[in-house]
Amino acid sequence: LRAAVLGADDGIVSLAALMIGVIAAGASRTTVLTSAAAALVAGAGSMAAGEYVSVSSQRDTERADLKQERRELAADPDGEQRELAEIYQRRGLTSELATQVATALMKSDAVGAHARDELGVNQDQLARPIQAALSSAASFTVGAVLPIVALLVAPQPTRTVAVIVSALLALVILGVAGARAGGAPPIRAAVRVGLGGGLAMLVTAGVGRLVGGAPL
């Protein structure tokens with residue numbers, strides 16, 4: 001979910017800002033579409049690669065922690081049981097009950113208990129880099145397509161306004177949806193992503209106007 005939300009937000013902002021910058025430089029509609037298509041492919045690939053590397057590193061760390069925990073359990077099972085009991089005591093169990101729980105879990109699934117309660121890792125649900133990469137690339141593409149569609153369907157005089165409005169509207173909807181899913185205030189999230197996207201488009205518009213009018 002995190003990768004999907006990030007990808008969609010990035011796709012909307014990146015493509016809309018780039019398109020506004022190219023439009024401000026005085027480029028033709030064909031040039032704007034060519035730039036947008038190239039940015040969509042490059043951005044989706046970049047998001048997928050970045051997410052894959054990031055989540056792979058997380059998975060490698062989780063696996064290394066589990067491997068270390070197995071070695072410690074094999075070398076000193078009694079010490080690991082006491083460590084587990086201490087964790088439960090810090091969480092509010094009495095010493096006797098904590099010892100009973102630790103003993104029972106050590107017999108049933110020692111690695112799982114330590115992974116979950118000591119490391120905060122569920123060994124059955126390790127990070128999935130391929131899933132994260134595909135989700136990020138797909139959501140980036142969906143987000144990036146919106147300003148491109150707005151450019152295609154809008155009349156020539158209103159193409160700039162169409163790209164800006166469609167991008168801001170999509171960002172606000174995405175911010176509200178994300179906030180509701182996470183139980184956060186939706187208005188604050190909508191304003192935050194809307195202002196961020198608007199600022200990005202404003203900056204690229206200025207850059208496009210500056211570079212487009214500069215002799216090269």
Side-chain angles (χ1 to χ4, degrees), residues 1-55 128-182 186-214 216:
L1 179 60
R2 178 189 63 82
V5 172
L6 176 62
D9 184 90
D10 195 17
I12 295 169
V13 175
S14 297
L15 266 292
L18 179 141
M19 291 168 65
I20 292 300
V22 177
I23 292 172
S28 66
R29 184 170 179 267
T30 301
T31 300
V32 175
L33 287 174
T34 302
S35 302
L40 188 156
V41 175
S46 176
M47 290 291 290
E51 196 69 24
Y52 181 83
V53 171
S54 174
V55 178
R128 301 175 182 178
I130 294 179
Q131 183 184 59
L134 293 176
S135 174
S136 184
S139 59
F140 180 94
T141 301
V142 171
V145 164
L146 295 177
I148 295 178
V149 171
L151 180 71
L152 290 173
V153 301
Q156 180 72 15
T158 62
R159 63 179 187 175
T160 302
V161 175
V163 172
I164 294 174
V165 171
S166 65
L168 291 178
L169 181 60
L171 287 172
V172 168
I173 294 174
L174 184 63
V176 171
R180 287 185 175 177
I187 295 180
R188 183 184 303 173
V191 171
R192 182 169 57 240
V193 296
L195 288 177
L199 179 61
M201 287 184 279
L202 180 63
V203 171
T204 54
V207 172
R209 182 64 60 86
L210 179 65
V211 174
L216 297 177

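As a basis for the values below, the full set of heavy atoms in this structure was taken, side chains included, without hydrogen atoms, waters or symmetry mates. The first residue of the sequence shown is numbered 1, and numbering continues consecutively from there.
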Original post:
Would you say the side chain of Ser166 lies within less than 4.5 Å of the side chain of Leu146, judging by non-hydrogen atoms?
Top reply: no

Subject >> Gap separating the CD1 atom of Ile130 from the OG atom of Ser135, nearest 0.5 angstrom >> reply: 13.5 Å

Original post:
What closest approach, in Å, do Phe140 and Leu15 show between heavy atoms, and which atom pair accounts for it?
Top reply: CZ-CD2, 4.0 Å

Original post:
Any idea which heavy atoms bring Ile12 and Ala170 closest together, and the distance?
Top reply: CD1-CB, 3.7 Å

Original post:
Does any non-hydrogen side-chain atom of Val193 lie less than 4.5 Å from one of Val13?
Top reply: no

Original post:
Which atoms form the tightest heavy-atom contact between Ala162 and Ala150, and what is the distance?
Top reply: O-CB, 3.7 Å

**OP:** Evaluate the criterion side-chain contact (heavy atoms from CB on, under 4.5 Å) for residue pair Leu171 and Arg192; output intermediate values, then yes/no.
**Re:** CA-CA 9 Å; Leu171 287 172; Arg192 182 169 57 240; over 6 Å; no

Original post:
For atom CD1 of Ile187, is the number of surrounding heavy atoms from other residues, nucleotides or ligands below 6.0 Å larger than 12?
Top reply: no

Original post:
With side chains defined as the heavy atoms from C-beta onward, is the minimum distance between Met19 and Thr204 less than 4.5 Å?
Top reply: no

**OP:** Calculate, to the nearest 0.5 Å, the distance between atoms CE and OG1 belonging to Met47 and Thr141 respectively.
**Re:** 9.5 Å

**OP:** Drop me the distance from Leu195's CG to Leu168's CG, to the nearest 0.5 angstrom.
**Re:** 9.0 Å

Subject >> Where Ala16 and Ala167 come nearest, the two heavy atoms and their spacing >> reply: CB-CB, 3.5 Å

**OP:** Measure from the side-chain N and O atoms of Ser28 to the backbone N and O of Thr31, and report whether any donor-acceptor pair falls under 3.5 Å.
**Re:** yes

Subject >> Nearest-0.5 Å distance, CZ of residue Arg159 to CD1 of residue Ile20 >> reply: 9.0 Å

Side-chain donor-acceptor contacts of residues 36-46 below 3.5 Å, not counting sequence neighbours, with atom names and distances?
none

Subject >> Closest heavy-atom pair and its distance - Tyr52, Ala133 >> reply: CB-CB, 3.9 Å

**OP:** Measure across Arg209 and Ala24 and return the closest heavy-atom pair with its distance rounded to 0.1 Å.
**Re:** NE-O, 3.4 Å

Original post:
Less than 4.5 Å apart, any side-chain heavy atom of Ile23 and any of Leu151?
Top reply: yes

